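Reading through the structure tokens given below for one structure.
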Amino acid sequence: MTEISRKQPSETEDPHWIEWATGIFSAVLVVGMIGWVGVEAIVEEDQPPEFGIAITGGNAIAGGYRVEFDIANRATRTAAAVVVRGEILDQGKAVEDAEVTFDYVPAQSKSSGAMLFSAEPGQREVRIRAVGYSDP
Amino acid sequence: MGSVAAEGGLREEPRSFLIGLGRGAAGAMLFGIPMLMTMELWQLGFYIERYRLFLLLVANIPLLVLLADRVGFERTSTWREAWRDATIAYALGIVMSAAILALFGDIKLDTPFSEMLGKIAIQAVPASIGALLGRSQLGGSSGDDEEDNEAEGADGNDEDKGDGGDAVPDQLSTSYSRELFLMAVGALFLNLNVAPTEEVILISYKMTPWHALATIFVSIAIMHGFVYAVAFKGTHELPEDTPWWHAFFRFTLPGYIVAMAISLYVLWTFGRLDDTAPTQMLMSAIVLAFPGAIGAAAARLML
């Protein structure tokens with residue numbers, strides 16, 4: 001404990017066992033955390049961002065159609081300003097495109113967003129892909 | 001009000017209370033202004049998920065009460081007064097946030113109600129902590145403070161007896177938990193300042209695990225140095241025959257864990273941990289725990 005008095009606060013000489021228990025518990029956590037980050041530091045390879053995009057849903061909205069998707073970055077490096085372009089393909093030809101920029105797609109994490117098209121794709125294929133990014 | 005003496009006594013009371021209110025308002029402004037002028041926090045006001053905001057607002061209540069018990073608008077001696085001071089501080093936080101956001105034109109009469117509410121609510125949390133701190137930091141003469149300390153010391157012992165539900169009935173440990181609580185408040189306060197900005201996650205993306213390791217060591221060293229080595233007012237003394245690592249294990253390491261926990265909580269509240277890999281969560285928590293550790297150490301010195 002800490003004694004607060006007119007002079008400087010000073011720690012007692014015979015602390016309660018709970019203080020030591022907390023201290024040891026904290027030390028274990030800190031060492032565990034350092035160990036985790038340390039292992040990451042040693043084994044982690046530096047992979048450039050790699051994206052996987054999955055369409056998660058779509059619905060009609062006023063004046064168009066919304067296609068929702070997730071973008072996952074499987075690599076160990078974060079990508080910034082990720083530009084994702086979506087196209088509606090009619091027999092292999094793009095008839096409409098839309099674009100969205102993600103501020104960040106963190107390493108081994110995912111972000112989600114949506115494309116807004118003016119027409120419902122219906123039977124036509126929707127292709128969404130990342131076209132570029134910058135390093136944070 | 002018949003006699004002159006009684007009248008004088010009655011006048012004295014509201015006056016010192018009003019001064020306390022003024023200090024609270026000044027504190028809310030002083031400690032709240034960096035956040036009131038942060039764009040990300042305005043934005044969080046409308047996009048933060050409501051249940052997280054609700055949780056933060058509710059968690060702020062016991063925090064303010066405990067803090068008020070330590071530093072009130074007036075020398076508090078009972079829980080009732082602590083509750084009263086906490087309520088006043090919260091109200092001051094809300095009023096000052098609303099007033100300053102309105103001054104900056106960030107909320108206008110035609111702003112949607114939900115957005116207005118969110119913006120004010122999120123700002124009210126740091127502002128209310130500031131209102132309480134204003135009393136202690138902008139407070140009067142040093143003689144006053146010493147009296148306060150004595151009063152609080154006596155007061156603390158009373159609570160220990162009353163607080164039978166505590167896992168540890170020992171009065172020593174209540175002071176210890178209070179010390180940890182103060183560190184949590186300090187960490188929370190600085191975290192709320194820093195966490196909403198994009199820089200926190202940007203830094204965590206820029207850092208390699210090696211940087212993170214260094215940050216952990218530096219944070220812990222700063223925490224320990226602040227409290228025990230650098231001779232600030234309020235620096236803690238160690239008894240001469242106690243080795244330095246005693247305090248290191250009993251205060252600094254638990255303090256760092258508290259700062260980490262608060263960092264994770266604040267990041268979660270602001271939605272920075274959603275859909276994020278555990279390693280990335282840890283990295284951003286390490287970044288945020290750096291100011292948190294400084295805040296925690298400073299709180300031990302100041303409060």
Side-chain angles (χ1 to χ4, degrees), chain A residues 1-44 46 49 70-80 103-112 134-136, chain B residues 146 149-150 152-153 156 167-168 170-180 198 201-202 204-206 208-210 212-213 216-217 220 228 233-239 241-242 246-258 260 274-280 282-286 300:
Chain A
M1 69 170 266
T2 304
E3 282 171 0
I4 293 166
S5 61
R6 277 161 201 272
K7 26 183 203 49
Q8 292 204 313
S10 74
E11 320 299 14
T12 43
E13 287 173 61
D14 51 342
H16 196 268
W17 64 268
I18 201 93
E19 300 189 10
W20 281 111
T22 316
I24 290 164
F25 177 69
S26 307
V28 170
L29 282 181
V30 171
V31 168
M33 190 170 74
I34 291 172
W36 180 359
V37 180
V39 168
E40 291 280 332
I42 294 163
V43 302
E44 189 182 273
D46 192 22
D70 279 346
I71 175 167
N73 180 1
R74 289 182 290 261
T76 56
R77 223 157 72 192
T78 294
D103 286 349
Y104 297 104
V105 183
Q108 293 165 332
S109 304
K110 74 188 177 180
S111 301
S112 55
S134 70
D135 287 325
Chain B
E146 279 174 15
N149 283 342
E150 276 179 4
E152 276 151 18
V168 197
D170 204 303
Q171 66 189 44
L172 293 174
S173 306
T174 304
S175 285
Y176 182 65
S177 59
R178 169 174 285 184
E179 199 80 1
L180 291 185
E198 196 181 307
I201 48 169
L202 178 61
S204 79
Y205 297 153
K206 280 178 175 290
T208 65
W210 295 110
L213 274 183
I216 297 174
F217 288 121
I220 295 176
Y228 295 103
K233 169 179 170 270
T235 295
H236 290 229
E237 261 178 355
L238 286 171
D241 52 343
T242 311
H246 275 215
F248 183 75
F249 275 98
R250 275 164 38 223
F251 291 101
T252 306
L253 287 183
Y256 187 66
I257 291 300
V258 166
M260 276 299 286
D274 301 355
D275 289 328
T276 307
T279 308
Q280 286 298 327
L282 187 66
M283 293 284 271
S284 40
I286 289 170
R300 285 191 71 193

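Quick note: numbers below take in every heavy atom, side chains included, and nothing from hydrogens, waters or symmetry partners. Every chain is numbered from 1, with letters handed out A, B, ... down the list of sequences. Every value quoted in this text rests on a predicted model; they were computed, and no experiment measured them.
- Taking A:G23, A:A21, A:S109, A:A27 one by one and counting their heavy-atom pairs under 4.5 Å with chain B, the maximum is reached by A:S109.
- For A:Q108 against B:A277, the heavy-atom pair with the smallest separation is O-CB, 3.1 Å.
- Closest non-hydrogen pair, A:I34 versus B:F217, comes out as CD1-CE2, 3.7 Å.
- Here the straight-line distance linking atom CZ of B:F251 with atom OG of A:S26 works out to 11.5 Å at 0.5 Å rounding.
- In this structure, the portion of A:T78 lying under 4.5 Å from any heavy atom of chain B is its side chain and not its backbone.
- Once rounded to the nearest 0.5 Å, the distance linking CD of A:E44 with CZ of A:R77 reads 10.5 Å.
- The residue among B:L282, B:L180, B:T276 with the most heavy atom pairs within less than 4.5 Å of chain A is B:L282.
- No other option in B:T279, B:D274, B:I286, B:I201 has as many heavy-atom pairs under 4.5 Å with chain A as B:T279.
- Between atom CD1 of residue A:I24 and atom CG of residue B:L253 there is a gap of 11.0 Å, rounded to the nearest 0.5 Å.
- Heavy atoms of B:I257 lying under 4.5 Å from chain A belong exclusively to its side chain.
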